[in-house]
J.: 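A single structure is presented below for examination.
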There are 2 protein chains.
Amino acid sequence: MPADEQQVPSVWARPRPQRRDHPALSRQQIVSAALQLLDTEGIDALSMRKLGTRLNAGATSMYTHVANKDELLELVVDEVYGEVEVPATGDPDGWRTAITGCAHSLRTTILRHPWIVSVLGETGLAYLGPNVMRLMEKMLAVFEEGGFGLQEADQAMNTVVAYVVGISTSEAATLTALARSGQSEQEWTQRLLPAAEEAARDHPRLRRLYAGQRGRRVREDRDDGFRLGLECVLEGVTARLTSTG
Amino acid sequence: MPADEQQVPSVWARPRPQRRDHPALSRQQIVSAALQLLDTEGIDALSMRKLGTRLNAGATSMYTHVANKDELLELVVDEVYGEVEVPATGDPDGWRTAITGCAHSLRTTILRHPWIVSVLGETGLAYLGPNVMRLMEKMLAVFEEGGFGLQEADQAMNTVVAYVVGISTSEAATLTALARSGQSEQEWTQRLLPAAEEAARDHPRLRRLYAGQRGRRVREDRDDGFRLGLECVLEGVTARLTSTG
DNA sequence: ACGGCTTGCGCACATCGTACGGACACACGT
DNA sequence: ACGTGTGTCCGTACGATGTGCGCAAGCCGT
C-alpha cells in the first residue's frame with residue numbers, strides 16, 4: 001500500500017460516507033421516490049433495486065422502513081388518495097356541486113397516476129390508510145350536510161366512488177396502453193381502428209358506433225362522457241336516497 | 001382379448017406416444033387451464049412453468065400458441081366475459097330488468113373470478129376480444145330496443161358497466177384478501193375491527209358507521225348495497241338519457 | 001470502555017418471463 | 001425413395017425480481 005494514499009483517498013481509507021449522522025432513509029422519502037418512479041416509468045418499472053438506486057441506497061435497505069413491496073404500494077396508494085380534494089359545502093343544497101367537484105378530483109387524480117388501477121384490485125379501498133379515511137369522512141360529511149342519513153350517505157358515497165373508479169379504470173388502462181405504444185393518440189386510434197372495425201364485423205351497433213366516431217373519442221369526449229354519467233348517478237342518488245329528491 | 005387388439009395396443013407397441021398425429025396443445029386448452037389455475041390459486045400462482053406442468057408440457061411450450069403472458073391473460077379475460085349473460089328483452093319496457101340482470105351477471109362473474117380486477121387495470125375493456133364485443137353489442141341492443149338512441153345507449157352502457165366494475169373491484173379485493181388470510185369472514189372482520197376503529201378515531205362519521213355495523217357487512221349486506229346502487233344508476237340513466245323517463 | 005439498538009447493505013436463493021436452438025413427426029415435391 | 005420444409009415441443013440459459021440473513025457501523029445509556 002502506498003504511503004500517500006490520503007491524496008486520492010482509497011476506498012478503504014475513506015471516512016465512511018457519513019453513515020449514521022441521522023437516518024439517511026425515511027419511510028416518507030421511500031414513498032415519495034416510489035411515487036415519482038411510478039409516475040414517470042409505470043408500474044412495471046418499480047423494483048426495489050431501482051428504487052434503492054434512486055435513493056443512493058442498497059436494494060434491501062428499504063426493508064427496514066417497509067415490510068415488503070405490497071405494503072409499500074399500499075402506502076403509495078394512500079399518498080395518492082391524499083391528493084383528492086373535497087370542496088366544502090356552505091348551504092345544504094351545495095352537496096351536489098361539492099360531490100361533483102370531489103368526483104372530478106378523484107378522476108383526475110387517478111388519471112394523473114394511471115398505474116394505480118392495476119393496484120386497486122389487490123388493495124381495494126378498504127385498507128384503512130389515513131388519507132382514504134379522511135377522504136371518506138369528508139364525503140360522508142358533505143352528504144350528511146346535504147340531508148342524507150348516515151346509511152344513505154354511505155350508500156351514496158359507495159355508488160359515486162364506484163362509478164368514478166370504474167370509469168377511470170378503463171380510461172387509465174387506455175392511457176397506459178397509449179403511453180406504452182409511444183404513439184400519439186391520433187396515430188394510436190388510427191392504427192387500431194381497422195382492427196376494431198374487423199372485430200365489429202358481426203355487430204352492427206358497434207359498427208355504427210365506431211363509424212360515428214371515426215378519429216374522434218379524444219379527451220374532450222371522454223370528459224363529456226364522464227360528466228354526463230356522473231350526472232346520471234347523482235340524479236339517481238338524489239331520487240332514491242333523499243326525501244327531498 | 002379380441003382379435004382387433006390394434007385398437008388398444010400394448011404400451012410398447014404403441015407407435016410413439018402419439019406425438020404429432022394432432023397437436024397435443026391448443027390455445028383453447030391453455031386458456032382453460034390458465035383460467036382454472038387462476039380460479040383455484042389466484043393470480044400470483046399463475047406462472048408459465050406451473051401452467052406447463054398442469055398440461056403435461058414443458059414450460060416454454062405455450063409460446064407456440066400464445067405470444068406472451070400478457071396476451072394469455074387477455075385471452076383468459078375475454079373467456080371470463082363470455083360467462084356474462086344478457087337477458088333478452090321482449091317489450092320495450094323490459095330494458096331495465098334486462099340490464100339489471102346483466103349487471104348482476106357481470107358482478108357475480110367478476111366475484112367468481114376475483115383475480116380479474118387486478119388485470120383489468122392493464123388490459124382495460126377496450127381490447128376487442130370477441131366475447132367483450134358480443135357483450136357490448138347485446139347491451140347496446142337492449143338499450144336501443146328500450147328506446148335509447150345509439151349515443152345514449154353507449155353512454156348508458158358505459159355508466160352502468162363502470163358502476164358495476166367499480167363496486168366489484170372493491171368487493172373482489174376484499175374477497176382476495178380474505179382468501180389469502182385463510183380465515184372465515186367472521187374471524188377476519190373481528191380481527192380487523194379494532195384497527196378500523198383506531199383508524200377512525202378522528203372521524204366521527206366513520207366511527208358511527210363502524211359501530212352501526214359491528215360484525216355485520218356480510219354478503220347479504222353487500223348484495224343489498226349493490227342492488228340499491230344499481231337502482232340509483234338506472235334511475236339516473238332513465239331520467240337523463242331517455243325522453244320517456 | 002463497553003454492550004445493546006438501530007440502520008444500512010452485500011450476498012445468496014428461489015422464482016420468474018422468455019429467447020434460442022435443437023429434436024422430432026409429419027407433408028410434400030421430386 | 002429421398003431430401004426438404006414446417007409446425008410443434010422442450011432443455012437450457014440469461015437476466016431480473018422479491019426478499020431472508022448475517023455482518024458492519026454508528027449511536028446511546030451505563
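In what follows, every heavy atom counts, from backbone to side chain, and hydrogens, waters and symmetry copies are set aside. Convention: sequence-line order gives letters A, B, ...; per-chain numbering from 1. As the structure is a prediction and not an experimental result, all values here were calculated from the model.
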J.: With B:E79, which residues qualify under side-chain contact (heavy atoms from CB on, under 4.5 Å), at least two apart?
T.: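 Applying side-chain contact (heavy atoms from CB on, under 4.5 Å) to B:E79 gives B:Q28, B:V31, B:L35.
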
J.: Taking only residues two or more places apart in sequence, or in another chain, which ones meet A:E197 in a salt bridge (charged side-chain N to carboxylate O under 4.0 Å, His left out)?
T.: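 Partners of A:E197 under the salt bridge (charged side-chain N to carboxylate O under 4.0 Å, His left out) test: A:R214.
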
J.: Whether the A:W115 and A:D39 side chains hold a donor-acceptor pair (N or O, under 3.5 Å, no angle test) is what I'd like checked.
T.: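 Result is yes, a qualifying pair exists.
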
J.: Write down the distance between CG (B:L51) and P (D:dC9), rounded to a whole number of angstrom.
T.: 13 Å

J.: Rounding to an integer number of Å, can you tell me how far A:L72 CG sits from D:dT17 P?
T.: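 Roughly 15 Å, once rounded to whole Å.
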
J.: To the nearest angstrom, how far is A:Q29 atom CD from C:dT7 atom P?
T.: 13 Å

J.: Test of understanding: with side-chain contact (heavy atoms from CB on, under 4.5 Å), list the residues that count as partners of A:A195, not counting sequence neighbours.
T.: B:L128

J.: Hey, are A:E185 and A:R219 close enough for a salt bridge, meaning a charged N less than 4.0 Å from a carboxylate O?
T.: no

J.: Atom pairs under 3.5 Å, N or O on each side, protein against nucleotides 16-18 of chain C: can you list them with distances?
T.:
{"from": "C:dG17", "atom 1": "OP1", "to": "B:K69", "atom 2": "NZ", "distance (Å)": "2.5"}
{"from": "C:dG17", "atom 1": "OP2", "to": "B:M48", "atom 2": "N", "distance (Å)": "2.9"}
{"from": "C:dG17", "atom 1": "N7", "to": "B:R49", "atom 2": "NH2", "distance (Å)": "2.6"}
{"from": "C:dG17", "atom 1": "O6", "to": "B:R49", "atom 2": "NH2", "distance (Å)": "2.6"}
{"from": "C:dT18", "atom 1": "OP2", "to": "B:Y63", "atom 2": "OH", "distance (Å)": "2.8"}
{"from": "C:dT18", "atom 1": "OP2", "to": "B:K69", "atom 2": "N", "distance (Å)": "2.9"}
{"from": "C:dT18", "atom 1": "O4", "to": "B:R49", "atom 2": "NH2", "distance (Å)": "3.4"}

J.: Does any pair with a residue in residues 49-61 of chain B pass side-chain hydrogen bond (donor to acceptor under 3.5 Å, both in side chains), and if so which ones, sequence neighbours excluded?
T.: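 side-chain hydrogen bond (donor to acceptor under 3.5 Å, both in side chains) check on residues 49-61 of chain B returns B:E41-B:R54.
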
J.: Could you tell me how far apart B:R27 (CZ) and D:dT8 (P) are, to the nearest whole angstrom?
T.: 11 Å

J.: To the nearest Å, give me how far apart CG (A:L55) and P (C:dT7) are.
T.: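 Going from CG in A:L55 over to P in C:dT7 covers 16 Å.
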
J.: With a cut-off of less than 4.0 Å, is there a side-chain N or O of A:H65 near OP1 or OP2 of C:dG8?
T.: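 Yes, within the criterion.
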
J.: Does any pair with a residue in residues 161-200 of chain A pass ring-ring contact (aromatic ring centres under 6.0 Å, His included), and if so which ones, sequence neighbours excluded?
T.: A:Y163-A:F226

J.: Tell me the interatomic distance from B:I30, atom CD1, to D:dT8, atom C1', rounded to whole angstroms.
T.: 11 Å

J.: Residues from residues 34-43 of chain A sitting under 4.0 Å of DNA chain D, heavy atoms only?
T.: none

J.: Tell me every residue that passes side-chain contact (heavy atoms from CB on, under 4.5 Å) with A:R112, counting only those two or more places apart in sequence or in another chain.
T.: A:E83, A:T108, A:T109

J.: If I take atom CG in residue B:N56 and atom P in nucleotide D:dC9, what distance separates them, rounded to the nearest angstrom?
T.: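 Distance, rounded to whole Å: 12 Å.
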
J.: B:E137: what forms a side-chain contact (heavy atoms from CB on, under 4.5 Å) with it, not counting sequence neighbours?
T.: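 Once residues adjacent in sequence are excluded, the partners of B:E137 under the side-chain contact (heavy atoms from CB on, under 4.5 Å) criterion are A:H203, A:P204, A:R205, A:L206.
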
